[in-house]
Structures are given as C-alpha cells and as structure tokens.
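As structure tokens, the structure follows; a few thoughts come after it.
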Amino acid sequence: MRPLWPALWLLSSACGGGGPAAGGTPAPQPAAAGPGTAAISESGGLPAGYSLAWADEFDVDGLPDAGNWDYDTALNATGWANHELQYYAGARPENSRVENGTLVIEARHEDLDPAQFPDWGGQHYTSARLVTRNRASWTDGFIEVRARLPCGVGTWPAIWMLADVPQLHWPADGEIDIMEHVGFDPGVIHGTVHTTDYNGKLHNERTATTDAPDACSAFHRYQLTWTPTRITIGMDDHNYFQYTNDGSGTAEWPFGGPQYLLLNIAVGGDWGGQQGVDDTIFPVRMEIDYVRVYQR
C-alpha cells in the first residue's frame with residue numbers, strides 16, 4: 001500500500017500514499033519485458049501443476065481463526081503512516097468477525113473509550129488489519145482472495161503482502177499489492193509492486209489497473225501468481241499487471257523470500273483521503289469469502 005514507513009519492521013503501517021504512478025490500457029499482447037512494462041492483458045487463473053497449500057474458508061462464525069490470523073495494531077497510539085485516520089482494533093468483533101461464511105472487516109465512524117482501549121490515539125474511525133504474520137508466509141505461489149469491497153469517499157481497502165522476518169526496511173524488502181481500491185474512484189482496481197528502485201516514495205512504483213464497476217456490490221477473485229522470474233496480478237482469471245525479474249539484484253527483485261498476507265480497510269490518508277472522507281457512509285465493510293494459497 002505504498003507506505004511512508006518507519007525504519008523498524010514492527011512498525012509497519014499501511015499500504016498507500018501517493019496513488020499510482022503508472023497504469024493505463026493493457027497491451028493487446030502479453031509481454032514479459034522487464035519491470036518497465038506493467039500493463040498486460042492475458043489469461044490468468046490457477047496455473048497447471050499447483051495444489052492447495054493453505055486456506056481459510058471462513059466457515060466458523062465468531063472472531064477470525066487465531067491460528068491463521070493476527071492483528072496489526074502497532075501504530076494506534078502514534079498514528080498510522082500516510083496520514084491515515086483509522087484505529088486498527090485487535091480481536092474486536094465490531095471490526096473483524098466471521099459471519100454467514102465470510103470474513104467481515106468493518107470500518108466504523110466512532111470514538112473509543114481510552115480506559116478500555118489504552119492504545120487509542122484519538123482517532124474518529126475504527127477498522128481492522130488482519131495479517132498472517134507469525135502464522136503463515138510463502139515464497140512463490142498462486143494466491144486467490146474472493147472479496148466484495150467497500151465503497152464511499154475516504155475508504156481504502158487492500159489485499160497485500162510484505163516480507164517476513166528478518167526484514168531490512170521498506171521498500172527494500174518488497175511489497176506486493178494484490179488489490180487496492182480508493183472510494184473516490186469506484187470500480188478501479190490497482191495492482192502494484194514496490195522495491196528499492198521502484199516505489200511510492202520515488203513516485204515510480206510499478207502499477208497497473210483493471211476495471212470492476214460492480215466491485216462494491218459483487219464478489220471478485222483477486223489473484224497473484226508469483227514465480228522466481230515473474231509476478232503477475234489479475235482478477236477473475238485475467239492478468240492485467242506484471243513485474244519481471246531481470247536478474248539485476250535485490251534492489252529490483254527483493255522477492256526471493258517469504259511474504260505474509262495483509263487484509264485491511266484504511267480510512268483517509270494521502271491517497272484514500274484525497275477527496276476527504278464522507279462520514280455518512282459508515283459503517284462500511286470488506287467481505288472476504290475465502291483466502292486460498294496454492295504452490296507447486
């Protein structure tokens with residue numbers, strides 16, 4: 001999510017900040033020509049020879065499975081990066097819960113009681129950021145998340161990945177944004193990669209977009225295919241973004257080690273809040289039908 005990060009990995013904050021630097025109309029033919037050609041148009045979906053390695057189908061109501069998910073709450077007291085406005089709650093069912101076969105991440109317009117939430121930093125919005133950190137991480141594979149997104153000005157949901165420990169600092173460890181959506185630009189889905197040489201701070205992150213006009217009313221399958229030589233991001237079995245390992249080193253390809261998955265709704269921020277926040281929309285939710293990870 002293109003963070004303006006502190007140096008310590010434990011203070012990882014949020015994706016976002018600055019919006020896409022590239023994108024546009026996909027090329028008529030796929031071309032694996034290196035990191036400079038992000039936009040493609042090709043068939044995607046589960047590659048042949050891959051089998052299910054990890055999944056959460058969200059079949060049991062209540063709090064998310066603690067064996068699969070943890071909560072990132074590290075910067076609640078000080079405030080999250082990118083000037084985001086949310087407090088990320090821990091195991092609080094108002095903000096994250098499983099119901100009717102889906103994981104619900106809900107952003108709300110509310111103040112909290114500091115006696116009950118001592119890390120509350122005075123934010124006027126609550127949300128949740130679920131992570132598989134310290135539970136599960138993967139190097140290479142095919143990841144599919146079937147989700148319905150929140151809409152409304154000021155919302156900023158994301159499905160993304162960060163490097164597992166040991167880490168250096170962002171963006172040297174690499175970031176893969178499988179899906180980002182900003183509420184003031186409904187139906188435009190972003191896929192992005194950040195590295196030392198290409199990142200949001202330099203305003204040259206490698207990114208592309210695809211359209212999903214019904215992203216907030218219908219479920220779509222957001223997909224990542226990650227191999228030692230190429231990252232592709234797609235939706236509903238159609239790839240629209242690529243990033244290729246050109247062999248020049250970790251400044252361009254830091255994706256040789258495991259990464260964990262993050263699911264969250266940010267509120268406001270340098271990108272999500274470019275047109276303010278519409279307080280009349282809350283509560284809003286991202287609903288996730290399943291998360292599935294396949295590997296060879």
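Listed by chain and residue number, nothing satisfies the salt bridge (charged side-chain N to carboxylate O under 4.0 Å, His left out) test with D119 (two or more places apart in sequence, or in another chain). Residues meeting the salt bridge (charged side-chain N to carboxylate O under 4.0 Å, His left out) test with E144, sequence neighbours left out: R221.
Remark: the E180 side chain and the W160 side chain contain no N/O donor-acceptor pair separated by less than 3.5 Å. For D214 and H220, the side-chain atoms include at least one donor-acceptor pair closer than 3.5 Å. Using a 3.5 Å distance cut-off with no hydrogens or angles, the side chains of S137 and Q259 do not pair a donor with an acceptor. Side-chain contact check for D56 and W69: at least one donor-acceptor pair (N or O, by modelled atom type) lies under 3.5 Å. When only modelled atom types and interatomic distance are considered, Q295 and D140 share no side-chain donor-acceptor pair under 3.5 Å. For the residue pair Y88/N95, the side-chain donor-acceptor check at 3.5 Å is not satisfied.
Taking the six-membered ring where the residue is Trp, F142 and Y294 present tilted rings, their angle falling between 30° and 60°. The aromatic rings of F282 and H109 sit tilted relative to each other, their planes meeting at an angle between 30° and 60°.
Among T132, V131, L130, the single residue meeting the side-chain contact (heavy atoms from CB on, under 4.5 Å) criterion with D70 is V131.
In this structure, Y71 and R92 have side chains that are not in contact, with every pair of non-hydrogen atoms separated by 4.5 Å or more.
In this structure, N100 CG and L103 CG are separated by 12.5 Å, a value rounded to the nearest 0.5 Å.
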